[in-house]
There are 2 protein chains.
Amino acid sequence: MPHSTSAPRLGDLERVVMDRLWAAGATEGATVREVHEALEQDRDIAYTTVMTVLDRLAKKELVTREREGRAWRYFPADTREAMTAQTMRRTMDDMDVTDRRAALLHFLDGASSAEIDDLKAALAEVEARAGSGEETARRLRDRLRR
Amino acid sequence: MPHSTSAPRLGDLERVVMDRLWAAGATEGATVREVHEALEQDRDIAYTTVMTVLDRLAKKELVTREREGRAWRYFPADTREAMTAQTMRRTMDDMDVTDRRAALLHFLDGASSAEIDDLKAALAEVEARAGSGEETARRLRDRLRR
DNA sequence: AGTTTGTACTACGTCACGTCGTACTACAAC
DNA sequence: GTTGTAGTACGACGTGACGTAGTACAAACT
């Protein structure tokens, strides 16, 4: 049996391509040609290489695509922030961390004070939403699961 | 040029081996034999396989080792929690997240309320340490860098 | 001296990724 | 309608990471 790290990770080029899609905007998306033209400014890369990467990203469901004439238009499946958060969460799950408080403490230890402020802001926002009748994405998911 | 995702990731078996080391304890550590005997209970695995994995973990500096007679005794280089936090942090860096608040918000969205409590506890602890004269590891690092 | 214990080094299969080439197809321009 | 020209689909190759292990060889017991 070979290896099989649960979730899909991003390679270097894959990340660069995602960057382009995000730069293009979630609703605009981009075609292979557009991404290729953008990347070509910085590096020497074949059109088909970009195509392959976009294709693999679609298979991993990190991007979606819609027909546009004969071509496909690709869209990021998630925002950069959501994808990042998801990866972070998966890391914690994969590592089988039981003492999450300790893990988070270590995480904060590596954080700048600006980041800690960000975290407090995020926390406050979650609290606020919990206080009002608004349903967070998480709570919605929880509810649907039951 | 092939790919090169900045930081070392753990494969499945590597993680299992780390689990054994952590189970053995950071100060006790374990020899190849010990780890092998433990793993053998659950799966059919060669002694040398364990050795190779431990060797690679050492090269990645995820474990350290000390001579003990002819054998090596291996120790986890970090706690599970520290390593997890480090990986999470690296994820955020790698993903080039500018809007950390949004990322953290998404992270919290995937969190259970127990986890949120953990986070608040961790945050309070950091605050407390900042308030007292105690120096956190981060602040120490910051200071040394300047 | 023979057996055991342990390491070092090499090796092989597979998968993920970066990287393309080629074959084939619609659609447009002549 | 024949010739280009996008575009895609599919396959392929090289390399590094990992899981997996064999072999060779040194040290340590018996």
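Quick note on labels: first sequence line is chain A, next is B, and so on, each numbered from 1. Small disclaimer: the values here were computed from a predicted structure and weren't measured.
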Basic-acidic side-chain contact under 4.0 Å: [X], [Y]:
X	Y	value
A:Lys120	B:Glu127	yes
A:Asp19	A:Arg80	yes
A:Arg9	B:Asp94	no
B:Glu28	B:Arg73	no
B:Glu81	A:Arg101	no

Residue closer to the 5' end of DNA chain D, A:Arg33 versus A:Thr52 (nearest nucleotide) =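 Between the two, 5'-proximity favours A:Arg33.
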Can you tell me which nucleotide in [options] comes closest to the side chain of [X]?
X	options	answer
A:Ala46	C:dT19, C:dC20, D:dT20	C:dC20
A:Leu13	D:dA21, C:dG18, D:dT20	C:dG18
A:Arg67	C:dT19, D:dA9, C:dT7	D:dA9
B:Ala71	D:dG19, C:dG6, D:dA9	C:dG6
A:Glu14	C:dG21, C:dT19, C:dC17	C:dC17

I need the [atom1]-[atom2] distance between [X] and [N], as an integer number of Å.
X	N	atom1	atom2	result
A:Glu66	D:dT8	CD	P	14 Å
A:Arg70	C:dA28	CZ	P	9 Å
A:Asp55	D:dA12	CG	C1'	15 Å
B:Arg9	C:dC17	CZ	C1'	15 Å
B:Leu54	D:dG19	CG	P	12 Å
B:Met51	D:dA21	CE	P	13 Å
A:Tyr47	C:dG21	OH	P	15 Å
B:His36	C:dT7	NE2	P	12 Å

Can you find a donor-acceptor N/O pair under 3.5 angstrom joining the side chain of B:Arg56 to the base of D:dG19?
-> yes
Could you tell me whether the phosphate oxygens of [N], OP1 or OP2, come under 4.0 Å of any side-chain nitrogen or oxygen in [X]?
X	N	answer
B:Lys60	D:dC18	yes
A:Thr49	C:dC20	yes
B:Arg15	D:dC18	no

Assert: residue with more 5' nearest nucleotide on DNA chain C, out of B:Arg65 and A:Asp44, is B:Arg65
